[in-house]
Amino acid sequence: MADIPAYAVSRATRSSRIGMAIGLIVLIILATAPWWAGRADLRLLIEIFYYLALAQLWNLLAGYTGLVSVGQQAFVGLGGYTLFALAAFGGVNPLAAIALAGVVAAIFALPTAFLVFRLRGAYFAIGTWVVAEVYRLGFAQVSALGGGSGMSLPADVVRSIADGRQAREWLVYWVALIIVLAAMAIVYALLRSRQGLALTAIRDSEPASESLGVNTYRTKLVIYIAVAFATGLVGALIFLQKLRISPDAAFSVNDWTAFVIFIVVIGGIGRIEGPIIGVIVFFVLRELFVDFGAWYLMLLGAVAVVIMLLAPRGLWGLLTDRWDIQLFPVRRALVVKETKDSG
Amino acid sequence: MTAAKTILSMDMVSKSYGALKVTDALSLTLGEGEALGVIGPNGAGKSTMFNLIAGGVAPDEGKVFFDGKDITGMPPFERCKAGIGRSYQIPHPFEGMTVFENLLVGARFGGDLSEAQAYDRCVAVLDQTGLLPKANVRAGSLTLLERKRLEMARALSTNPRVLLLDEIAGGLTEQECHSLVETIQQIHASGTSIIWIEHIVHALVAVVSRLIVINFGAKIEEGEPKAVMESAAVREIYMGIEVDDAAA
Ligand SMILES: Nc1ncnc2c1ncn2[C@@H]1O[C@H](COP(=O)(O)OP(=O)(O)OP(=O)(O)O)[C@@H](O)[C@H]1O
Ligand SMILES: [Mg+2]
């Protein structure tokens with residue numbers, strides 16, 4: 001078209017620049033944690049990292065493409081078991097096995113997708129759960145992997161990770177940090193890209209996305225497989241740290257889905273900042289309620305209900321209702337420099 | 001009318017929801033560059049006709065052709081890429097995205113433009129449709145009238161060869177309606193073919209050169225707007241009341 005107003009498109013905002021600066025400082029502090037934090041602190045941080053990674057991934061899946069899976073533990077478990085099988089019987093270096101665990105999870109995700117993508121809404125959710133249960137029961141039958149009681153990572157494999165316990169724990173810590181950073185960076189880059197427009201559009205209206213030229217089926221399928229890959233990777237990391245795996249732990253709907261959904265929903269679903277807020281709240285609550293035993297889960301549930309009632313779009317939604325902030329600038333703001341003289 | 005090439009046609013298309021026949025052996029053709037108006041009472045099946053053309057609903061029988069090709073089995077996103085741009089009667093904005101970003105989705109995907117080309121296209125469409133001042137507003141905070149305007153703008157961002165407009169003039173002041181008509185005339189003048197469903201007949205006839213009337217899913221009248229409006233069939237449907245009043 002001939003005569004359009006002069007404009008520029010800006011992507012960063014002041015709050016996002018401040019956010020990036022704070023993020024960088026936090027990153028330096030975290031990267032040096034082995035030198036200033038104790039063993040227990042490192043373990044806790046690793047746990048926070050993998051929950052943050054799982055939450056970012058589930059948020060991408062459920063918050064953007066609308067695929068509300070309650071069966072992501074399928075890929076956590078597949079990842080964990082792949083690592084154990086490859087390291088214990090395949091002689092594969094455990095760190096290399098982490099990447100392969102992602103590949104195996106993605107391969108299993110493909111037929112799983114063809115099955116569960118036929119289902120809609122609540123049926124999809126239940127379908128994903130059923131599939132995860134099938135995997136759990138399946139692995140309990142494999143006696144080479146310890147059957148229902150599971151297995152430990154053999155001592156020589158553990159020794160092959162690094163020289164000595166401390167070196168191993170530090171290494172696992174840094175791998176966990178790298179994985180969570182990579183997960184965040186990839187989700188962020190994705191949301192800023194052309195595909196990010198499609199994902200955000202699908203989040204807000206699937207029929208309208210389709211009418212505007214977005215191949216919603218393929219977009220969802222690609223995200224489902226990619227999220228399974230990364231979830232498998234995180235699963236491998238989780239059990240590399242634990243050094244023990246069993247079907248109940250590996251395919252736990254409580255640990256790998258319920259807590260993750262809690263984190264995303266209270267933080268703010270469909271926003272990249274949501275899981276970060278959610279994971280902080282989750283771990284603060286957990287440390288506070290640590291003495292309450294079984295009551296802890298009920299308290300967690302009560303907190304979730306209260307937050308969902310008061311802030312349906314999560315705590316991050318509550319903040320952005322009041323202030324126009326974004327830590328991760330995924331938007332495109334149009335700055336019109338001059339309006340043309342219309343004749 | 002000159003014998004223009006047909007760009008879009010429906011051939012004996014039927015669609016039922018349960019026992020309710022919403023589209024009944026409907027055939028129509030749209031010439032390249034033509035502007036066609038559609039009227040009919042509430043629930044007649046007008047919006048369903050758009051869904052059948054744009055692909056949101058699959059027909060039970062019959063075929064839809066676009067640019068000489070059978071597109072009956074084509075998914076909606078491919079029809080959009082092929083050149084069919086549609087607006088929804090009940091707006092479906094991407095609420096969490098800004099108005100500008102709403103258009104970008106259409107330009108990047110339906111229009112298949114690069115990021116830089118898409119920016120140009122969207123700014124031009126925002127300017128043309130009067131939405132430029134709202135560019136950075138979250139679509140979720142727009143009023144109903146603005147949302148309807150966004151529907152049209154978003155469809156235009158895909159650079160459609162055929163634009164489907166579903167009741168976008170309702171609720172406008174006379175002034176606003178006049179400027180909307182001008183905008184649609186401009187779009188038409190730039191070569192885009194248009195099908196426009198509208199109850200506000202004086203706005204409609206200012207743009208279209210041909211009118212069809214749909215009742216109970218079937219086409220009951222077709223032709224030059226003035227003749228159609230004066231036909232016995234239309235008079236019977238609207239029982240003597242002016243169509244403009246019926247829309248209120
Ligand atoms: N998905 C659906 N399921 C069942 N019935 C439907 C569905 N979509 C539309 N209908 C029915 O089909 C009929 C035609 O609907 P449609 O929206 O096409 O009418 P319309 O001519 O656009 O009406 P209006 O002027 O009110 O917009 C209505 O009776 C409507 O209730
Ligand atoms: Mg309608």
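In what follows, chains are A, B, ... by sequence order, proteins preceding strands, each numbered from 1.
- Interface remark: A:V214 contributes backbone and side-chain atoms alike to the contact with chain B (heavy atom separation under 4.5 Å).
- Ion pairing of A:R332 with B:E101 is absent here, as no side-chain N (NZ or NE/NH1/NH2) approaches a carboxylate O to less than 4.0 Å.
- Note on B:E95 versus B:R138: no salt bridge recorded, every NZ/NE/NH1/NH2 to OD/OE distance being 4.0 Å or above.
- A salt bridge is absent between B:D166 and B:K46: the closest approach of a Lys/Arg side-chain nitrogen to an acidic carboxylate oxygen does not fall below 4.0 angstrom.
- Across B:T158, B:L126, B:D120, the residue that shares the most heavy-atom pairs under 4.5 angstrom with chain A is B:D120.
- Per-residue counts of heavy-atom pairs under 4.5 Å with chain B were compared for A:L334, A:V335, A:T216; the largest is that of A:L334.
- In this structure, the portions of A:R331 lying under 4.5 Å from any heavy atom of chain B include both its backbone and its side chain.
- For B:R108, the parts sitting under 4.5 Å from any heavy atom of chain A are the backbone and the side chain alike.
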Q.
Checking A:K220 against A:E206 for the salt bridge (Lys or Arg N to Asp or Glu O under 4.0 Å) test, could you report, in this order, the C-alpha distance in whole Å, the side-chain angles of both residues, the deciding distance, and whether it holds?
A. CA-CA 11 Å; A:K220 290 165 136 190; A:E206 202 174 324; 3.1 Å; yes

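- With salt bridges taken as basic N to acidic carboxylate O contacts below 4.0 Å, one links B:D60 and B:K15.
- Contacts of B:E151 with chain A are absent, with no heavy-atom separation under 4.5 Å from either backbone or side chain.
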Q | Worked verdict on B:L8 versus B:F65 for side chain to side chain contact (heavy atoms under 4.5 Å, CB included) | A | CA-CA 6 Å; B:L8 180 89; B:F65 295 91; over 6 Å; no

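- Rounding to the nearest 0.5 Å gives a distance of 7.0 Å between CG of B:L165 and CD1 of B:I187.
- Residue B:Y88 touches chain A through its side chain alone, counting heavy-atom pairs closer than 4.5 Å.
- Looking at B:D112, only its side chain comes within 4.5 Å of chain A, counting heavy atoms on both sides.
- Chain B forms the most heavy-atom pairs under 4.5 Å with one residue out of A:A198, A:S209, A:S205, and that residue is A:S205.
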